Amino acid sequence: MSRRFPVTPLALGAATVGVLLGLAPVALEAQRTPAPGAPFMLVTAFRTADNDKTLAVKAADEMRSQLTARISSRELWVIPKQQVEGYLEGSGYATDEPLNTLDAKQLGQVLRADEILVGTVTKTADGFSVGGAIALTRDMALRDVVAPGEGKTLAAAAADFTRKLQVVRKQLEHERKCNSALRDGNSAAAEAAARAGIAAYPEAMISRVCLVFALSQAKKSPDEVLAAAKDVLDRDPRQPRALYVAMEQYLIKGDTNSMAQTASQLVAVEAGDPRLVEQIVGNLEAMRRADVALPILETALKETPEDPDLLRLQFRLLIASARWKDVIEKGQVLAVVDTASADVKYFERMAAAYQADSQPQKSAEVLARGVAKFPEDPNLPLTLGQVLQGIGQYPQSIDALRKALAIEPKMPNARLLMARAYNEMAMPDSVMSVLRAAAANGEDKATTSGYATTLANGFLKITNEQKTLAAARKIIPFAKLAEEIDPTNINAKFILGLGHFFVAQFAATDLPEVAKTDRAAACALAKEAQEAATQAQIFIPQGGRVDPNTAGAVLGVLPNISGYAEQQVGLLCR
């Protein structure tokens with residue numbers, strides 16, 4: 001992890017700094033001062049193939065010397081070695097090791113450097129090769145590679161490299177004007193300055209990137225901006241700023257495939273920037289391109305495996321992709337890395353993943369943990385009650401649903417689920433009671449009435465199979481309840497009419513046998529048949545359009561049943 005450099009500049013002269021740090025001051029550097037407005041350049045230890053620290057320092061020293069000798073201080077101020085090493089040592093850094101990009105940027109910002117030389121040095125068969133790139137401190141991604149300098153001595157190689165560096169730097173005066181114009185919102189001036197920078201150094205990358213920014217800011221056509229970005233990417237396919245603008249332009253064009261491909265390339269370059277990855281993946285998520293976004297996230301998470309924002313994105317995208325085993329695995333990681341992520345939605349999603357992965361028992365366990373953690377949330381116990389029903393744990397389901405109703409007395413669907421549980425437990429009285437409570441507490445009338453109708457229809461089917469009065473009697477309570485809850489339910493009216501018809505028919509059929517041994521019971525049965533026939537004549541016409549043929553057939557025989565029942569009442573009930 002990078003350390004931070006102190007942000008308050010040393011208020012001491014270069015020679016004094018050298019004395020305090022035990023360093024030998026260089027007379028030339030101590031005597032020179034930067035000209036007003038001159039850009040500052042930071043040079044630190046070079047990179048070497050074999051980690052030769054002595055050569056790394058000598059190359060940096062020689063490079064400072066050559067730059068100072070060949071470029072006027074009015075054009076460029078090379079930050080003195082003492083000042084650079086003073087900050088490095090004061091911040092706990094080695095002075096003979098090259099800095100990584102982030103540390104170089106931080107040091108450059110502290111020392112007010114405009115440019116940073118990222119140097120390399122190699123021993124060759126004939127001498128030395130000095131190479132590297134020049135980068136802008138404000139954005140280290142803006143850089144131009146400088147052709148290597150060759151020489152029999154280190155000084156000669158550094159001198160050759162300096163001459164080539166001067167050619168590359170011809171663009172920078174114009175690039176600074178381009179950047180300033182961009183900050184001011186003057187895209188036309190920015191474009192002109194960028195083109196001037198390219199004219200000054202035809203192979204310029206830094207100025208080309210500024211041109212891409214200028215065209216984008218001016219809202220030029222996506223094709224024009226993309227052409228400029230392609231000009232950059234043809235020279236450097238990994239240039240992150242050009243990739244980013246290209247990605248935006250493809251998004252504007254609605255070219256999802258090209259946008260996704262460019263986004264993948266960008267993240268491969270900038271995987272260490274989780275916020276950029278989050279933005280890109282968020283766009284892909286909105287475009288429903290989880291297939292592209294997930295590999296991008298996997299690449300980024302290799303760099304930052306415990307970034308909670310990226311893990312949350314991955315969790316959501318895996319759910320969208322129905323990759324349930326991965327949802328379970330990554331969801332468990334997310335809860336450990338970011339405990340705040342384990343909210344109500346998290347438990348619901350994990351439970352759904354276990355359900356989809358055919359692990360209902362695990363789903364119930366997850367929901368039970370959620371209920372314990374969030375005792376004031378009614379949705380978790382509601383969902384738990386539903387899952388428990390799915391695995392046949394009906395008493396436990398009822399307990400969970402009661403918890404939901406204790407928190408929210410009018411919780412939608414809770415009482416319907418409870419009614420189903422009681423029905424599975426063959427407790428019709430409890431089913432009736434719960435359905436009445438559901439209707440009284442604002443449950444959807446059509447849904448509640450429909451469920452009662454379904455139960456009544458179930459008893460109707462049983463009656464058709466068993467053909468008994470006991471079976472027929474069970475139809476009526478649920479059909480009647482369904483009709484009372486929703487008087488517009490014609491299915492309930494029709495089933496209620498059929499239920500009464502079957503009660504009348506089977507009661508009349510049973511009468512002669514009952515009358516042989518129990519006149520009082522026969523009287524009650526006759527009256528039941530008479531009343532049932534009357535009710536059938538009321539409700540079957542009201543619901544007759546559900547099944548006109550059956551309604552007609554029943555209404556055709558009802559008068560005979562009704563007449564017979566009336567006659568028997570007269571005979572048996574005197």
Side-chain angles (χ1 to χ4, degrees), residues 319 322 324-325 327-329 331-332 342 344-375 377-439 441 443-444 446-466 470-471 474-475 477-479 481-482 485 495:
I319 292 171
W324 303 118
K325 290 188 184 300
V327 170
I328 292 166
E329 178 188 348
Q332 291 170 343
V344 171
K345 286 293 182 186
Y346 168 83
F347 285 101
E348 291 176 343
R349 289 165 176 164
M350 286 293 285
Y354 277 116
Q355 280 283 92
D357 195 45
S358 301
Q359 299 187 65
Q361 188 64 51
K362 287 286 188 182
S363 179
E365 291 172 9
V366 166
L367 287 167
R369 291 200 300 272
V371 170
K373 184 174 180 180
F374 299 100
D377 181 85
N379 290 297
L380 288 172
L382 176 72
T383 307
L384 176 58
Q386 188 171 7
V387 171
L388 288 169
Q389 282 192 33
I391 55 179
Q393 296 184 14
Y394 301 114
Q396 295 89 335
S397 171
I398 291 169
D399 288 342
L401 294 168
R402 282 175 177 157
K403 287 181 182 178
L405 289 168
I407 300 166
E408 175 49 69
K410 294 184 181 295
M411 189 69 189
N413 295 321
R415 289 182 175 86
L416 289 177
L417 286 169
M418 192 179 293
R420 289 189 177 98
Y422 279 125
N423 185 56
E424 292 293 337
M425 295 167 67
M427 299 174 65
D429 291 344
S430 295
V431 175
M432 295 281 291
S433 175
V434 171
L435 288 177
R436 285 195 178 92
N441 282 275
E443 193 69 73
D444 181 71
T447 303
T448 308
S449 176
Y451 181 61
T453 303
T454 298
L455 295 178
N457 193 48
F459 287 120
L460 178 62
K461 290 178 181 178
I462 292 172
T463 300
N464 277 322
E465 294 169 0
Q466 296 181 355
K474 293 179 181 178
I475 301 171
F478 287 103
L481 177 62
I485 292 172
I495 293 172

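Just so you know, these numbers come straight off a predicted model, no measurement behind them. Values below: every heavy atom of this structure, side chains too, minus hydrogens, waters and symmetry copies. We're numbering straight along the sequence, starting at 1.
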Between F374 and F347, what is the ring plane arrangement, given parallel below 30°, perpendicular above 60°, and tilted in between?
perpendicular

Sub-4.5 Å side-chain heavy-atom contact between [X] and [Y]:
X    : Y    : answer
S358 : W324 : no
Y394 : L388 : no
R420 : Y451 : yes
Q361 : Q393 : yes
P477 : M432 : yes

Here the side-chain hydrogen bond (donor to acceptor under 3.5 Å, both in side chains) pairs for residues 396-417, sequence neighbours left out, are Q389-S397, R402-Y422

Do you know the tightest heavy-atom contact between [X] and [Y]?
X    : Y    : answer
I328 : A353 : CG1-CB, 3.9 Å
A419 : V431 : O-CG2, 3.5 Å
L382 : A404 : N-CB, 3.9 Å
A372 : P375 : O-CD, 3.7 Å
L401 : M418 : CD1-N, 3.4 Å
L384 : A364 : CD1-O, 3.5 Å

D377 vs I407, test: side chain to side chain contact (heavy atoms under 4.5 Å, CB included). Steps then yes/no.
CA-CA 7 Å; D377 181 85; I407 300 166; 5.9 Å; no

Working to the nearest 0.5 Å, report the span between [atom1] of [X] and [atom2] of [Y].
X    : Y    : atom1 : atom2 : answer
I462 : N457 : CD1   : CG    : 10.5 Å
E443 : M411 : CD    : CE    : 10.0 Å
L416 : T448 : CG    : OG1   : 4.5 Å
R369 : M350 : CZ    : CE    : 7.5 Å
N423 : L455 : CG    : CG    : 5.0 Å
I485 : D444 : CD1   : CG    : 10.5 Å

Just by distance, do the side chain of T453 and the backbone of S449 share a donor-acceptor pair under 3.5 Å?
yes

With distance as the sole test, does Y346 use its side chain to make a donor-acceptor pair with the main-chain N or O of G331 at under 3.5 Å?
yes

How about K373: does its NZ atom have over 12 heavy atoms from other parts shown lying under 6.0 Å from it?
yes

Salt bridge (Lys or Arg N to Asp or Glu O under 4.0 Å) filter on K325, not counting sequence neighbours, yields D357

